[in-house]
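The sequence lines fix the lettering, A, B, ..., with proteins before strands; numbering per chain opens at 1. Quick note: numbers below take in every heavy atom, side chains included, and nothing from hydrogens, waters or symmetry partners.
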Protein chains: 2
Amino acid sequence: MARNKELNQKIKDERREQILSSALMLFATKGLSATRITDISAAAGISQGLMYHYCKSKEEIFSELIKYALDRMNAACIELEKLPLPPHQKIKMAIEKLLQGFDANKNTSYYYLLILQATVSEAIPREAKEIISQGSSLPYEVIERILIEGQKEGTIKDYDARDLSVVFWTSIKGLALNKAAFGGSYKMPDPRILAGIFLNE
Amino acid sequence: MARNKELNQKIKDERREQILSSALMLFATKGLSATRITDISAAAGISQGLMYHYCKSKEEIFSELIKYALDRMNAACIELEKLPLPPHQKIKMAIEKLLQGFDANKNTSYYYLLILQATVSEAIPREAKEIISQGSSLPYEVIERILIEGQKEGTIKDYDARDLSVVFWTSIKGLALNKAAFGGSYKMPDPRILAGIFLNE
DNA sequence: TCGTTGGTTGAATTTTTATTCAATATAATT
DNA sequence: AATTATATTGAATAAAAATTCAACCAACGA
């Protein structure tokens, strides 16, 4: 026998974590295509050869990051919908939490950039495209449902709910972009500005 | 002598136009790095060798497109500011014109995508970065000034004008992204939704 | 201490992409 | 028709990036 299984597993998990974390930052700031395999290995502090011990290609890493980002986003949306709050409070809280998230953690806006790339670009692996085309509609649907409920109660403005949901997410994504582009020097706007798009009074 | 100068110039202009137009579409949908020189030549219907007769590199084309996009955007903003209209009407009109523009012409959203790439990505040529860092603040400033004027008149909501201007442009850019991603199947939301972010009543 | 397992490296190779260039096509001028 | 300047091509070459692999190292058990 050699090393015990646990240590090996620990090493593997650590390396994979380093690789994914470095790749996230690089994919978000340079794009998938411009990120070289050696960029990732250098950022992760390992040799290029070792990259192939841990993953098939950068495309595989990209797909894994996309899947993770969508899963977290969808889970958060499901949680939001379940909360025992009136619809207009859910919207207010969602906006506040999202903006706080961007300020608190760079990775949050990086994940949004990844999803944006995967949505817009035709130069991403088929697998990532499929993950996106299956898993990216839930957030729109959840917000739309909450808005419709609020409209019934009269607390949400009476525009087409689908339009409102699109404006909700496009505004959020736009802010994520700003955060990723200008980083520390950019502070999020007052969340009440966004809330005012949806709320009556 | 051979061919007359005019015809040669006309051929040159035509080719350059074909190249720029193909490159715009490809850069927007695939990104600068994932777009090969042969992708551009194929889309433009010429051989790869001829590309080098008309441009030094794809980076040069990218920079030229960025410069053109910024110039047009800045010119439109200056025109807007000059219009003999009250501030809140200028905001309303700007939103309507921008959304109509996205629906009317694919290239419009492509140009926004290019500017987005140049702003966010670190994998673009230094020249393009410089063009962007110099020329991309005017739209924010113009909208901010119009909003401040409107606030004095009481027609614009009383949030921080800088924040409002950022929300204005992030929302617009988000919608451009949607248009580029979903193309024909996506219709712009009611412009009054966006106008309501800024206007009192 | 030695042997074994599996992590790790970096140079060698293959593949992809960019770039050059000698040869050819075109059309106006003489 | 011959001349000439320039547009155009595609194969040859160069450069960059991805991928493989033989050799090496580190930790553990015997």
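- The separation between B:R15 atom CZ and D:dA7 atom P is 10 Å, rounded to whole Å.
- What separates CD1 of A:I37 from C1' of C:dT14 is a distance of 15 Å, to the nearest Å.
- The main-chain N or O of A:R36 is never found under 3.5 Å from a side-chain atom of A:K58 such that the two would form a donor-acceptor pair.
- Atoms NE2 (A:H53) and C1' (D:dC25) sit 14 Å apart, rounded to a whole Å.
- Each of B:G49 and B:Q9 has a nearest nucleotide on DNA chain D; the 5'-most of these lies closest to B:Q9.
- In this structure, B:K10 atom NZ and C:dA27 atom C1' are separated by 13 Å, rounded to whole Å.
- Taking atom CG on A:L50 and atom C1' on C:dG6, their separation rounds to 11 Å, with Å as the unit.
- The side chain of B:Y52 lies closest to C:dT19, out of C:dT19, D:dT9, D:dT19.
- Between A:I11 atom CD1 and C:dT5 atom P the separation is 17 Å, expressed in whole Å.
- The side chain of B:Q48 lies closest to D:dG10, out of D:dT8, D:dG10, C:dG6.
- We find that CZ of B:R36 is positioned 14 Å from C1' of D:dA15, with the value rounded to whole Å.
- In terms of phosphate contacts, B:Y54 brings no side-chain nitrogen or oxygen within less than 4.0 Å of OP1 or OP2 of D:dA7.
- A:E60 places a side-chain N or O within donor-acceptor distance of the main-chain N or O of A:K56, the cut-off being under 3.5 Å.
- Regarding A:E6, its CD atom lies at a distance of 16 Å from the P atom of D:dA27, rounded to whole Å.
- The aromatic ring centres of B:Y68 and B:Y111 sit less than 6.0 Å apart.
- In this structure, of D:dT8, D:dA11, C:dG10, it is C:dG10 that holds the atom nearest to the side chain of A:S47.
- Relative orientation of the A:F198 and A:F168 rings is tilted, given thresholds of 30° and 60° on the angle between their planes.
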